[in-house]
Engineer: 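Starting off with a structure, shown below.
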Amino acid sequence: MATSMLRTAFSMRSLHAHAHAHVRPPWPFPPHSRFSFPPRHTLLPAKTYATTASPPPNTKWAIRWRKAIRYTGYLVGSSVIGVGVLTAAIFLHDAFTYRERHIDGVPVSPRALHPERGGPKNLPVLSRLLSDLEDDENRELVQKPHLVIVGGGWGAVGVLDKLTPGDYHVTIVSPETYTTFTPLLPSAAVGTVSVRSLVEPLRKIAARLKGHLINARAVDLVMSERLLEVETIAPHGKSERMYIPYDKLVIAVGSTSSTHGVPGLEHCFQLKTIGDAQAIRKRIIDNFEAASLPTTTPEERKRLLSFVVCGGGPTGVETAAEIYDLCQEDLINYFPKICRKEVSIHLIQSREHILNTYSEAISRYAEDKFMHDNIDLITSARVAGVAPDKVSYTKRGPDGKTETHEIPTNFVLWSTGIAMNPFTRRVADLLPNQVHKKAIEVDAHLRVKGAPLGEVYAIGDASTIETSVVPYLLELVDEADKNKDGKIDYEEWEVMVQRIKKRIPMAEEQLSKVRELFDLYDSDSDNSLNLNELAVLLQEIGNKITALPATAQVASQQGKYLGQKLSKIAQRRKVLEANGLRPEEGDEAVSGPFRYLHLGSLAYIGNAAVFDLGRFSFMGGLAAMYAWRSVYWSEQVSMRTRALLMIDWIVRGIWGRDLSRL
């Protein structure tokens with residue numbers, strides 16, 4: 001019995017050893033890894049499978065908790081280190097910033113302290129400024145040509161941005177001490193962004209060029225003596241006038257709103273400056289505060305909460321959309337609900353559609369959005385008059401007769417067209433060839449027509465590039481008529497086309513079909529164009545050319561073009577003189593004519609935005625709105641305003657708009 005049991009045990013031990021002799025190591029895992037699996041022919045007890053598959057649940061949770069605690073420690077530690085480094089950096093910045101600066105013995109020119117008098121009106125002539133001699137760099141700049149820039153908007157900033165330091169002695173003349181990012185003024189008018197986020201001091205912008213700022217308003221120009229007359233407010237509160245001499249003058253004063261002969265516009269708001277935005281915001285809050293009083297009658301409450309916008313362009317549309325957002329997102333939460341119920345927003349447009357300069361699809365999309373938001377669109381209507389408590393407008397009825405309507409209101413925004421700035425009007429009156437009603441006419445090099453060549457330029461809303469070719473008819477014929485027979489054959493016509501494109505680049509599209517134009521206006525079919533036929537042809541071409549729009553995009557491009565060109569003229573001064581050209585005659589020698597590149601138009605329509613990119617259009621909700629914000633954020637003048645603008649949008653998204661009346 002014992003012998004048989006020993007034999008059985010020995011045979012079982014041999015069988016077990018034989019089975020394990022055929023088992024290969026579980027590569028690439030170690031033999032005791034929980035990822036190693038026995039071969040199919042190896043039989044293991046159920047308990048063995050359970051222990052080799054995975055650790056117990058308690059072990060899993062312990063591992064996860066250890067990882068979580070470890071990464072949390074990394075995060076907290078890195079945050080503490082980051083805050084410490086930032087605090088140390090701020091401390092070091094303050095330590096090196098707040099230090100004594102010795103300013104004793106700063107030299108000042110006697111002519112800056114006691115300006116000489118001169119000019120037609122015997123006014124003080126600012127031939128030297130207080131900081132002209134305070135260091136070596138400024139003393140060198142005094143010997144450079146004096147460039148005076150009138151204005152502080154998009155065009156002026158574009159010039160300053162592209163000028164090379166050391167080329168000119170730069171002086172800015174502006175009634176404001178800052179430049180404004182005007183496209184976001186509707187947002188500032190309702191508190192979506194702060195006005196501080198839209199302004200950049202002109203002195204900071206000019207500091208790169210060691211430029212000067214004269215806080216004054218330009219009033220007159222003496223071209224014969226190259227003197228700019230300005231008016232400033234003296235310390236005693238009275239206005240004071242003086243002359244600023246110049247070698248080159250850039251007029252970038254912008255424009256004013258056109259009245260169209262409508263009476264009562266003194267009761268309207270405009271939206272062109274920071275002051276306008278602040279006044280609009282105050283009126284909106286005042287209206288809601290008065291409307292929330294129990295003593296206010298229902299009729300008066302409706303009038304107080306009626307907002308009328310005259311003009312269906314980008315400014316008018318964006319302002320109407322911003323007012324709607326303010327009422328819908330903020331005021332409804334803090335004022336009686338009846339106030340939000342009584343709000344009415346009206347937009348009066350003289351054309352058939354709002355945003356009529358955009359594509360048809362965009363106009364339709366904006367109109368549908370406004371109709372969904374219950375914004376009253378009044379198209380094909382004209383404002384007849386504005387009173388302190390109402391707006392009157394006329395519109396044709398179904399029977400074709402003109403009907404007059406009234407809207408009781410305590411808020412009217414006027415945003416329809418542009419007109420000449422008073423200084424622009426004065427300059428135009430001084431020149432015989434200036435007949436344009438809205439701006440100073442300039443040539444393709446942005447030189448003021450009729451002014452001394454290469455001395456006076458105009459850009460932005462203050463200018464319009466000439467589109468008429470007829471005044472150059474005889475000159476063009478003289479250049480192209482090779483055989484001097486008084487007629488232009490087809491080969492000579494091709495030469496003339498190139499000359500026209502060089503003088504007026506905006507005519508290129510109308511001159512794309514050269515042969516067809518020649519045959520079309522060759523009325524007597526003699527394979528040539530006489531003077532009468534050429535006059536008719538050039539007149540038709542000029543009538544088809546569309547003037548550039550009065551937008552920030554145009555002003556900025558013109559300013560940058562002019563800044564680059566002026567720097568080239570200064571740097572190649574000796575080369576020009578060696579070739580018998582004065583610096584005033586160097587425009588064509590150093591640069592081609594100005595060519596506008598349209599980068600698209602965009603507008604905000606209330607938690608949505610539209611983009612008109614020429615052949616393509618893009619419109620939509622939040623995605624388009626964030627794209628609109630991104631474009632305007634990237635176009636800011638400085639990183640300071642970019643940071644402030646981003647903070648404003650974050651604050652508005654988390655805590656809403658500021659409803660205080662300041």
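In what follows, residues are counted from 1 in the order of the sequence shown.
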Engineer: Could you check whether atom CD of E479 has more than 12 heavy atoms from other residues, nucleotides or ligands sitting under 6.0 Å from it?
Structural biologist: yes
Engineer: For L431 and M223, run side-chain contact (heavy atoms from CB on, under 4.5 Å): C-alpha distance rounded to whole Å, both residues' side-chain angles, the deciding distance at 0.1 Å, then the answer.
Structural biologist: CA-CA 10 Å; L431 301 171; M223 297 185 191; 3.8 Å; yes
Engineer: Look at R447 together with D587 and state whether they make a salt bridge at an N to O cut-off of under 4.0 Å.
Structural biologist: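 Salt bridge between R447 and D587, a charged N being under 4.0 Å from a carboxylate O: yes.
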Engineer: Quick check: do L147 and D247 have side-chain heavy atoms less than 4.5 Å from each other?
Structural biologist: no
Engineer: Grab the two heavy atoms, one from L566 and one from Y168, that are nearest each other, plus how far apart they are.
Structural biologist: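 Closest heavy-atom pair between L566 and Y168: O-OH, 2.7 Å.
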Engineer: Taking M506's backbone N and O only, do any of them form a donor-acceptor pair with R595's side chain (distance below 3.5 Å, no angle check)?
Structural biologist: no
Engineer: Does some side-chain heavy atom of R139 sit less than 4.5 Å from a side-chain heavy atom of D136?
Structural biologist: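 Yes. Closest side-chain heavy atoms under 4.5 Å.
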Engineer: Is D443 paired with K449 through a side-chain N to carboxylate O contact shorter than 4.0 Å?
Structural biologist: no
Engineer: Is the closest side-chain donor-acceptor distance between T416 and W414 under 3.5 Å?
Structural biologist: yes
Engineer: Find out whether L228 and V150 are in side-chain contact, i.e. whether some heavy atom of one side chain is under 4.5 Å from a heavy atom of the other.
Structural biologist: yes
Engineer: For a 4.5 angstrom cut-off between non-hydrogen side-chain atoms, does E441 reach N433?
Structural biologist: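 A side-chain contact is absent here, since even the closest heavy-atom pair is not under 4.5 Å.
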Engineer: Just wondering, are more than 12 heavy atoms of other shown residues or ligands nearer than 6.0 Å to NZ in K438?
Structural biologist: no
Engineer: Please report the interatomic distance CG(L413) to SG(C268), rounded to the nearest 0.5 Å.
Structural biologist: 8.0 Å
Engineer: Before giving the answer on side-chain contact (heavy atoms from CB on, under 4.5 Å), spell out for Y561 and S591 the whole-Å C-alpha distance, their side-chain angles and the decisive distance to 0.1 Å.
Structural biologist: CA-CA 9 Å; Y561 160 84; S591 175; 3.5 Å; yes
Engineer: For S257 and Q270, does a side-chain donor sit closer than 3.5 Å to a side-chain acceptor?
Structural biologist: yes
Engineer: Are the side chain of S556 and the backbone of Q553 linked by a donor-acceptor contact shorter than 3.5 Å?
Structural biologist: no
Engineer: What closest approach, in Å, do L209 and T164 show between heavy atoms, and which atom pair accounts for it?
Structural biologist: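 Shortest heavy-atom contact: CD2-C, 4.1 Å.
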Engineer: When rounded to the nearest 0.5 angstrom, what distance separates CZ in F411 from CD1 in I280?
Structural biologist: 4.5 Å
Engineer: Atom NZ of K204 and atom OG1 of T179: how far apart are they, to the nearest 0.5 Å?
Structural biologist: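 That separation rounds to 14.0 Å.
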Engineer: Between atom CZ of F423 and atom CD of E229, what is the distance when rounded to the nearest 0.5 Å?
Structural biologist: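 If we round to the nearest 0.5 Å, F423:CZ and E229:CD are 9.5 Å apart.
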Engineer: Calculate, to the nearest 0.5 Å, the distance between atoms NZ and CD belonging to K560 and Q564 respectively.
Structural biologist: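 Separation between the atoms: 9.0 Å.
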Engineer: Taking the side chain as every heavy atom from C-beta outward, state whether P120 and E225 have any atom pair closer than 4.5 Å.
Structural biologist: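 Side-chain contact under 4.5 Å: yes.
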Engineer: For V193, does its backbone N or O pair with a side-chain atom of R657 as donor and acceptor, under 3.5 Å?
Structural biologist: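 Looks like no, no N/O pair under 3.5 Å.
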Engineer: May I ask you to say whether D648 pairs ionically with R652, meaning some side-chain N is under 4.0 Å from a carboxylate O?
Structural biologist: no
Engineer: Hey, does the side chain of R661 reach the backbone of I285 with a donor-acceptor pair shorter than 3.5 angstrom?
Structural biologist: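 Not at all, since once roles are kept as given, no pair shorter than 3.5 Å links the two residues.
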Engineer: State whether a side-chain donor-acceptor pair under 3.5 Å links Y472 with E466.
Structural biologist: yes
Engineer: For R226 and E455, run salt bridge (charged side-chain N to carboxylate O under 4.0 Å, His left out): C-alpha distance rounded to whole Å, both residues' side-chain angles, the deciding distance at 0.1 Å, then the answer.
Structural biologist: CA-CA 9 Å; R226 292 197 290 198; E455 292 184 3; 3.5 Å; yes
Engineer: CD1/I459 to CZ/F594 distance, rounded to the nearest 0.5 angstrom?
Structural biologist: 9.5 Å
Engineer: Determine the minimum heavy-atom distance between R573 and P145, stating which atoms define it.
Structural biologist: NH1-CG, 3.8 Å
Engineer: Using atom types as modelled and distance alone, determine if a side-chain donor or acceptor of T180 lies under 3.5 Å from a backbone N or O of T182.
Structural biologist: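 No, the answer is negative, given that no donor and acceptor are paired below the 3.5 Å cut-off.
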Engineer: Given side-chain contact (heavy atoms from CB on, under 4.5 Å), test Y178 with I274 step by step and report yes or no.
Structural biologist: CA-CA 10 Å; Y178 52 82; I274 290 295; 3.8 Å; yes
Engineer: Between the side chains of K210 and E134, is the shortest nitrogen-to-carboxylate-oxygen separation below 4.0 Å, so that they form an ion pair?
Structural biologist: no
Engineer: Look at K565 together with E588 and state whether they make a salt bridge at an N to O cut-off of under 4.0 Å.
Structural biologist: no
Engineer: Is the closest basic N to carboxylate O distance between R503 and E475 below 4.0 Å?
Structural biologist: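 Result for this pair is yes, salt bridge flagged.
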Engineer: Do T177 and R203 have side-chain N/O donor and acceptor atoms under 3.5 Å apart?
Structural biologist: no
Engineer: Apply the test side-chain hydrogen bond (donor to acceptor under 3.5 Å, both in side chains) to residues T171 and H146: give CA-CA distance (whole Å), side-chain angles for both, the deciding distance (0.1 Å), then the verdict.
Structural biologist: CA-CA 8 Å; T171 299; H146 193 193; 2.8 Å; yes
Engineer: Specify the closest pair of heavy atoms between A439 and S463, including all atoms of both residues, with the distance to one decimal.
Structural biologist: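 Taking every non-hydrogen atom into account, CB-C, 3.6 Å.
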Engineer: Using the ring of each side chain (for Trp, its six-membered ring), is Y596 parallel, tilted or perpendicular to H598, with breaks at 30° and 60°?
Structural biologist: tilted
Engineer: So which heavy atom on A507 is nearest to which on I541, and how close?
Structural biologist: CB-CG2, 4.2 Å
Engineer: Would you mind reporting whether V456 and V427 have side-chain heavy atoms less than 4.5 Å apart?
Structural biologist: no
Engineer: Should D658 and R281 count as an ion pair when the cut-off is N to O under 4.0 Å?
Structural biologist: yes
Engineer: Is the backbone of M420 close enough, under 3.5 Å, to the side chain of T424 for a donor and an acceptor to pair up by distance?
Structural biologist: no
Engineer: With under 30° as parallel and over 60° as perpendicular, where do the rings of H212 and H169 fit, or are they tilted in between?
Structural biologist: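 H212 vs H169 ring planes: perpendicular.
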Engineer: Check whether any side-chain heavy atom of L130 sits under 4.5 Å from a side-chain heavy atom of L113, and report yes or no.
Structural biologist: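 SC-SC contact between L130 and L113 confirmed.
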Engineer: For P175, is there any backbone N or O sitting under 3.5 Å from a side-chain donor or acceptor partner on N215?
Structural biologist: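 Yes, the answer is positive, given that a donor and an acceptor are paired below the 3.5 Å cut-off.
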Engineer: Answer yes if the ring centres of Y632 and W649 are under 6.0 angstrom apart, and no otherwise.
Structural biologist: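 Y632 vs W649: aromatic centres not under 6.0 Å.
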Engineer: Are side-chain heavy atoms of L185 and V195 found at a separation under 4.5 Å?
Structural biologist: no
Engineer: Under a 4.0 Å N-O cut-off, is there an ion pair linking R640 with E200?
Structural biologist: yes
Engineer: Can you spot which of K238, K121, R217 makes a salt bridge (Lys or Arg N to Asp or Glu O under 4.0 Å) with E231?
Structural biologist: R217
Engineer: Quick check: closest heavy atoms across S255 and A419, and the distance to 0.1 Å?
Structural biologist: CB-O, 3.2 Å
Engineer: I'd like to know if D429 and R426 make a salt bridge, using a cut-off of under 4.0 Å between side-chain N and carboxylate O.
Structural biologist: no
Engineer: Taking R128's backbone N and O only, do any of them form a donor-acceptor pair with D132's side chain (distance below 3.5 Å, no angle check)?
Structural biologist: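 No, D132 side chain to R128 backbone: no donor-acceptor pair under 3.5 Å.
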Engineer: For S567, which of L163, L562, V159 qualifies under side chain to side chain contact (heavy atoms under 4.5 Å, CB included)?
Structural biologist: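 The single option meeting the side chain to side chain contact (heavy atoms under 4.5 Å, CB included) with S567 is L163.
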Engineer: Are more than 12 heavy atoms, taken from residues, nucleotides or ligands other than Q571, located less than 6.0 Å from that residue's CD atom?
Structural biologist: yes
Engineer: So does D276 get a backbone contact from the side chain of T273, meaning a donor-acceptor N/O pair under 3.5 Å?
Structural biologist: yes
Engineer: Using the side-chain contact (heavy atoms from CB on, under 4.5 Å) rule, take I500 and L476 through it: C-alpha gap first, then chi angles, then the decisive distance, then the call.
Structural biologist: CA-CA 8 Å; I500 295 173; L476 290 168; 3.7 Å; yes
